[in-house]
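We count residues from 1, following the sequence as given. Both counts, for ligands and for their atoms, begin at 1 and track the order of listing.
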Amino acid sequence: MKCHTDYLYFNTKKRHEFVNITDKVQEVIDSSGVQDGMALVSAMHITAGVYVNDAESGLIHDIESWLKEIAPTNKNYRHHMTGEDNGYAHLWNLIVGHQVTVPITKGTLDFGPWQQIYYAEFDGIRKKRVIVKVMGL
Ligand code: ZN
């Protein structure tokens, strides 16, 4: 049983950004040497998400619009009484989820044809990171 940990770093140019991290996660799997197992990919923040879905630009736009409908960015959240202005970003984190577990077979991500791993930044323009923990044989 091998266990390998690495981190991916982000400092997005925009406050909201959807970053395809599939290749970066595969690079971590490559350096782990794990052939059969799984990887945990987890945002180390409460205002970002990690999900698996299509890398289609229309869909990514739809996801952001959908999040804005459910939890608008301009709403006066109670969280803002702390002096912060990112109440929506915490809620988006809860909707999207902060981590995924992905399967590894023969040393590669064992995905369906359209599955990609995304880091979803909801309150960016600052340094953030994702932990990738690879476990297996
Ligand atoms: Zn906050």
S.K.: Tell me how many protein N, O or S atoms are within a distance shorter than 2.8 Å of the Zn ion (ligand 1).
M.R.: 4
S.K.: Evaluate the ring planes of His80 and Tyr77, with Trp represented by its six-membered ring, and classify them as parallel (under 30°), tilted (30 to 60°) or perpendicular (over 60°).
M.R.: perpendicular
S.K.: Please output the side-chain donor-acceptor pairs of residues 45-54 that fall under 3.5 Å, not counting sequence neighbours, one pair per line with the distance.
M.R.:
| residue | atom | partner | partner atom | Å |
| --- | --- | --- | --- | --- |
| His45 | NE2 | Arg129 | N | 2.9 |
| Thr47 | OG1 | Lys128 | NZ | 2.8 |

S.K.: What side chain to side chain donor-acceptor pair (under 3.5 Å) pairs are there with at least one residue in residues 110-120, not counting sequence neighbours?
M.R.: Asn20-Gln116, Thr22-Gln116, Thr105-Asp110, Tyr119-Glu121
S.K.: Give me the one residue out of Val102, Asp23, Val19 that meets side-chain contact (heavy atoms from CB on, under 4.5 Å) with Ile117.
M.R.: Val102
S.K.: Quick one: hydrophobic cluster around Ile125, which other residues, with the 4.5 Å side-chain cut-off, linked directly or via members?
M.R.: none
S.K.: For Phe10, does the six-membered ring have the charged nitrogen or CZ of Lys127 within the cation-pi criterion, i.e. under 6.0 angstrom from the centroid and within 45° of the normal?
M.R.: no
